[in-house]
There are 2 protein chains.
Amino acid sequence: MTIQRKYKVLVVDDEPDIVELLEYNLEKEGYEVQTASNGKKALAIAKTFVPDLVLLDIMMPEMDGVETCRQLRQRTELANSFIIFLTARSEEYSEIAAFDVGADDYLTKPIRPRALMSRINALFRRDVQKTSPDEHDVIRIGDFVIDRTSYTLMKGEVQITLPKKEFELLYFLSSNPNKVFSRDDLLHHIWGADVYVLARTVDVHIRRVREKIGEDYITTVKGVGYKFEMPK
Amino acid sequence: MTIQRKYKVLVVDDEPDIVELLEYNLEKEGYEVQTASNGKKALAIAKTFVPDLVLLDIMMPEMDGVETCRQLRQRTELANSFIIFLTARSEEYSEIAAFDVGADDYLTKPIRPRALMSRINALFRRDVQKTSPDEHDVIRIGDFVIDRTSYTLMKGEVQITLPKKEFELLYFLSSNPNKVFSRDDLLHHIWGADVYVLARTVDVHIRRVREKIGEDYITTVKGVGYKFEMPK
DNA sequence: AGCTATATTTCACACACAATTAACTATTTG
DNA sequence: CAAATAGTTAATTGTGTGTGAAATATAGCT
């Protein structure tokens, strides 16, 4: 299976064998994996790693999976992440509590890698479908129709196809019209948190977009950043 | 309203080269940096400096990073600070101990400045999109709409985009209408506590704002300062 | 694999304009 | 009518941004 963006998975379990098994299989499937051996570490890592999926053992020393889950869910940046519990067949006690604190699914050990992988892959496939045929992928503003499904842009009757970054930039700016974003903001939303690119790169992309859609739509606010606005 | 304050970083490492590299890059990014070459000195500095972030080498003479971290964490004033460990790739021994004593993250040397900076910036960044539908950034007073998200000002039907300092000045004054602020107050709030600028500078900015919004809104109180008020 | 085209990032320089200072004038106040 | 404070305009400094071009990376194709 091929993954367009590299999804991030955080594996939390106190048994090194399990961690290793999961890590190996996930990386083979093309996921980016981080591991933690207890809840505290998981929370710490999640501060900078921001996983799309957390595999969480329920039984752990210090802070158990349920509590960890609760605290993870309090982070707004994890609102759209999946959390799957791992549980030994015996420990059924927690099933209900697990869903109460915001788990999306749970799996019983022993883990069968094949099954797990296909389940995880399915998770993200569904995720993709959910967001793709959505109405929200088209932004209409002024005489523009900005269509995320085709990466094209209609300015009146004229169709313009933009390359990825340029399109993302325009799309993001136009989805928050009149709001000023700093270059760092734009880098984080479009390039991603863990990509190390110079802020000046944004300038160049802004220029290219301006060349293609016209000079009057993206405004510079000196010392602050850029905003999209319709001219009067 | 709060202006981005200067975050403080304490760099602790016994290798001068590393310290210098980090210090240089952090200061270039606008952080206030103090350095220490071992754990004891770090603890001493932290008494008066109170860093928002500590970059802590694990392997150090006298007192190692783990122990230093533990003692730092006992200080209540550092409860909300970040602590990031620096570790050579080989010294994996300490990963677990590190999180146990309250580290937030760890990085392996060799250090890639750009990646590190981006990661640190991310730590202090508040999520952007979250704040977008918020109305709190808009001040409505009389026939003015002063919008911090777009750095624009509507006076009736007329839109005016102000440059950064001018906008901040107007925004600050108008968020406390009828209250008089001395030039020092304004410098302190808008320019920041540790910036040395002549108080006369405020006059000039006031002049510019008056030119753009009209002469009747910012009133001078001689011997005291300025205030924003709607004319009768 | 290699080649080509295109996208993306970096770099360097010039320029515009914001920010600050300076110099001078006007006004208030005791 | 001094002395102090603020207004005004101009000159200077400084920073941020625009721009073209070069360097890398990526994708598509034979």
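Order of the sequence lines sets the chain letters (A, B, ...), proteins ahead of strands, with each chain counted from 1.
Listed by chain and number, the residues in a side-chain hydrogen bond (donor to acceptor under 3.5 Å, both in side chains) with B:Asn25 amount to none (sequence neighbours excluded). Partners of A:Thr220 according to the side-chain hydrogen bond (donor to acceptor under 3.5 Å, both in side chains) rule, which considers only residues two or more places apart in sequence or in another chain, are A:Arg210.
Counted by atom type alone, B:Thr149 and B:Asp147 present one or more donor-acceptor pairs between their side chains at under 3.5 Å. Under 3.5 Å, the side chains of B:Arg112 and A:Tyr196 contain no donor-acceptor pair of N or O atoms.
No more than 12 heavy atoms of other residues, nucleotides or ligands shown are found within 6.0 angstrom of CZ on A:Arg140.
Across B:Arg148, B:His189, B:His205, a single residue satisfies side-chain hydrogen bond (donor to acceptor under 3.5 Å, both in side chains) together with B:Glu168, and that is B:Arg148.
Atom-to-atom, CZ of B:Arg210 to P of D:dG7 comes out at 5 Å; the value is rounded to the nearest Å. Following rounding to the nearest Å, A:Glu211 (CD) and D:dG18 (P) show an atom-to-atom distance of 12 Å.
Atom CD1 of B:Ile218 is separated from atom CG of B:Leu170 by 6.0 Å, given to the nearest 0.5 angstrom.
Between B:Arg208 and C:dA19 there is no side-chain N or O to OP1 or OP2 distance below 4.0 Å. Checking the phosphate oxygens (OP1, OP2) of C:dA19, no side-chain nitrogen or oxygen of B:Trp191 falls inside 4.0 Å. For C:dT10, one of the phosphate oxygens OP1 or OP2 lies less than 4.0 angstrom from a side-chain nitrogen or oxygen of B:Arg114.
Across all their heavy atoms, A:Phe49 and A:Val33 have their closest contact at CZ-C, 4.3 Å.
Closest to the side chain of A:Tyr226, from the set C:dT8, D:dT17, C:dT20, is D:dT17. Set against D:dA6, C:dT9, C:dT20, the side chain of B:Thr220 has D:dA6 as its closest nucleotide.
Across all strands shown, A:Phe167 has no heavy atoms under 4.0 Å from either base or sugar-phosphate atoms.
An end-to-end axis angle of 30° holds for the helix from C:dA1-D:dT30 to C:dG30-D:dC1, taken from five base pairs per end and rounded to 10°.
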Atom pairs under 3.5 Å, N or O on each side, protein against nucleotides 27-30 of chain C: can you list them with distances?
| from | atom 1 | to | atom 2 | distance (Å) |
| --- | --- | --- | --- | --- |
| C:dT27 | O2 | B:Lys222 | NZ | 3.1 |
| C:dT28 | O4' | B:Lys222 | NZ | 3.3 |

Protein-nucleotides 25-28 of chain D N/O pairs under 3.5 Å:
none

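In this structure, B:Tyr217 has its ring center under 6.0 Å from that of B:Phe144. Between A:Tyr151 and A:Tyr171, the gap from one ring centroid to the other reaches at least 6.0 Å.
Of the residues in residues 196-205 of chain B, B:Val197, B:Leu198, B:Thr201, B:Val204, B:His205 come within less than 4.0 Å of DNA chain C through at least one heavy atom, sorted by number.
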